[in-house]
2 protein chains.
Amino acid sequence: MSAEIHKKIRVILADDHPVVRDGLAAMVNQQPDMEVVAEAGDGDAAIALYEERQPDVMVLDLRMPKRDGLAVVQRVMEINPKARLLIMTTYDGDEDIFQCLSHGAKGYILKDVPRQEILSAIRAVSEDRPYTSSTVAAKALQRMAKPSLTERELDVLELVAQGRSNKDIARRLSITEGTAKTHVKSILTKLDAISRTEAVAVAHKRGLIRL
Amino acid sequence: MSAEIHKKIRVILADDHPVVRDGLAAMVNQQPDMEVVAEAGDGDAAIALYEERQPDVMVLDLRMPKRDGLAVVQRVMEINPKARLLIMTTYDGDEDIFQCLSHGAKGYILKDVPRQEILSAIRAVSEDRPYTSSTVAAKALQRMAKPSLTERELDVLELVAQGRSNKDIARRLSITEGTAKTHVKSILTKLDAISRTEAVAVAHKRGLIRL
DNA sequence: ACGCACCTCTCCCTATAGAGAGAGGAATGA
DNA sequence: TCATTCCTCTCTCTATAGGGAGAGGTGCGT
C-alpha cells in the first residue's frame, strides 16, 4: 500500500437500508482518500457511533427508525458544533432542507444524483465547505421567504392531516372548537391555502408533515 | 449437492438511485449463482432492457421516472407472461402490493430487509416460486377485502387530494358539481372516511395516490 | 415597563361539504 | 336478453368549514 501523507477522510454512513449502505460503502472505500469507519441503521446508532468514532463526515438519511435525520443533526451539533454532516435523502421538501441546513448540516443532496456527485459532496463537506446543489439551495431560499408555523399550529396541522374535524381537534388538544378554528385559519393563511385539504397537500409538499 | 453445471441466474436491476443499483449489483455479482446483466434507471429503460436481454429475474423499484414500477410490471407481463419480477421498494401500501402481485409480480420485498433476504428472494423468484414476507402478504390479503375505487373515482380522488373543491373538480372533469359530490361520497364510503381530508389520509396510507 | 408573538376565547355570517334518496343511459359480460 | 357496474344527473336537508373582527391572558426579550 502506498503511504499517504494525509489521513483518509473518515466517514460514517447512516441509512436504514442495508443495500444503500453497501452501495455507498463500496463507493467510498474504493476512493484512495476516504474510508467508511462505521455504519448505522437508525438515528440512535448514528449518534452513538458519531460520539464513539468522531468521524470527519457523517452521511445521513432523513427518514430513519427511532430518531429521524433532523433529530440526529440537532443532537450531533450539540455534541460537536463543528460536526460535518451531509444529508443524503429522497426528500426534497423546503422544510426538510431548510431545517437541516439551518441546524448546521453542511450539505444536502438527493439520492438520485450520480455517483461522482456524492463523492464530491463528501469531499467538500470534509473540508468544511458547504455542498448543496442549486435546485436544493433554491428551495431553501424560497422557504426563507415563507412564514413559519408555530408549534401549536403544527400540532393542529398534524390532526388536520389525519382528517380530524375541528371539534375533534379541539377535544384532543383540550381547547375549544373556536380556538381550533383560529389555528386552522392561520394555518390556511400561512400556507396560502383555501381549504384544509389543500393545506394538507401544501404542507406535505413542503415537508411540514409526514404522512 | 449436484455439480453446478447450471447457468447463472441472469438479473436486471431497475432503480433510479445509482447508489442502490451499485449496492445490489455488488451483492448479486458476489454470489456464485447469479450475475447482473443490465441496469436501468427508469421504467422505459427497464422495459427495453428486459426485451433485449431476456433476464431470468428483474428486480424493480416502484417509483421511477418516466414509467413507474407497476406500469413496467403490466407491460413486461404482456411481453412475457412467464416473466419473473421481484418488486423491491420502500412503499408498503396495500394498493401497491396488491396491484403488483395481481398483475403477476412473483415477489415483493421492502428495501429495509437484510441483505440475505434480498438474495433469497431473487433465488426464489428465479425458480418461479413466489416470495413475499408475511407482513407484506398480510397487507395484500387485507386489501382483497376492501372495495376497489373505479377509474373515475380515482380521477376525483386525485383532485380531492390536491385540495380542490367539488365545484372545481366538476369544472376540471366537465361534470356537474352534484356528480362530483356523488363520486366523493362513494369514495368516502369505500375508504371508510368521514371527511375528504380523512379520505386523502387513508388513500395515501393505502398507496392509492401519490402526493 | 413596553412591545411582541403566541395561545386562547367570543360572536356573527356565508359557503361548502356531506347524508339521503332517488333515476336514466352506457357498457360489460353471463 | 338480462343483470351488473359505472357514470351521470336531480332534489332536499343539516353539519361543518372558513372569513371577519375582535379581546384577554401568557411569556419573552428589550
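Every value quoted in this text rests on a predicted model; they were computed, and no experiment measured them. In the text below, chain A, chain B and the rest are named by the order of the sequence lines, each starting its count at 1.
Between B:E177 atom CD and C:dA15 atom C1' there is a gap of 10 Å when expressed in whole angstrom units. Rounded to an integer number of Å, the gap from A:E151 CD to C:dC6 P is 11 Å. Between A:E153 atom CD and C:dA5 atom C1' there is a gap of 11 Å when expressed in whole angstrom units. Whole-Å rounding puts the A:R196 CZ to C:dA17 P distance at 12 Å. In this structure, B:R171 places its CZ atom 11 Å from P of C:dT16, rounding to the nearest Å. In this structure, B:I169 places its CD1 atom 15 Å from P of D:dC7, rounding to the nearest Å. Between B:I175 atom CD1 and D:dC6 atom C1' there is a gap of 13 Å when expressed in whole angstrom units. Distance A:I194 CD1 to D:dT16 P: 23 Å, rounded to the nearest Å.
Note on B:K181: a base of the nucleic acid sits closer than 4.0 angstrom, heavy atoms only.
Remark: B:T179 is in phosphate contact with D:dC9, judged by side-chain N or O atoms under 4.0 Å from OP1 or OP2. At C:dT8, none of the side-chain N or O atoms of A:T176 fall inside 4.0 Å of OP1 or OP2 (strictly under the cut-off). Distances shown here put a side-chain N or O of B:T150 below 4.0 Å from the OP1 or OP2 atom of D:dC7. Of the side-chain N and O atoms in A:N166, one or more sit less than 4.0 angstrom from OP1 or OP2 of D:dA17.
Side-chain to base pairing of A:K185 with D:dG18: no donor and acceptor N or O lie closer than 3.5 Å to each other. At a cut-off of 3.5 angstrom, counting only N and O atoms as typed in the model, there is no donor on one side facing an acceptor on the other between the side-chain of A:T182 and the base of C:dC7.
Counting heavy atoms from C-beta outward, A:V184 and A:E153 have side chains that stay 4.5 Å or more apart.
Looking at A:R115 and B:D22, a side-chain N of the basic residue comes within less than 4.0 Å of a carboxylate O on the acidic one, giving a salt bridge. A salt bridge links A:D61 with A:K111: the closest approach of a Lys/Arg side-chain nitrogen to an acidic carboxylate oxygen falls below 4.0 angstrom.
Here the closest non-hydrogen pair linking B:G41 and B:P65 is O-CD, 3.6 Å.
DNA chain D is contacted by both B:H183 and A:S165; B:H183 maps to the nucleotide lying nearer its 5′ end (nearest heavy atom per residue).
A:N166 pairs in a side chain to side chain donor-acceptor pair (under 3.5 Å) with only one of the listed residues (A:H183, A:R171, A:R196), which is A:R196.
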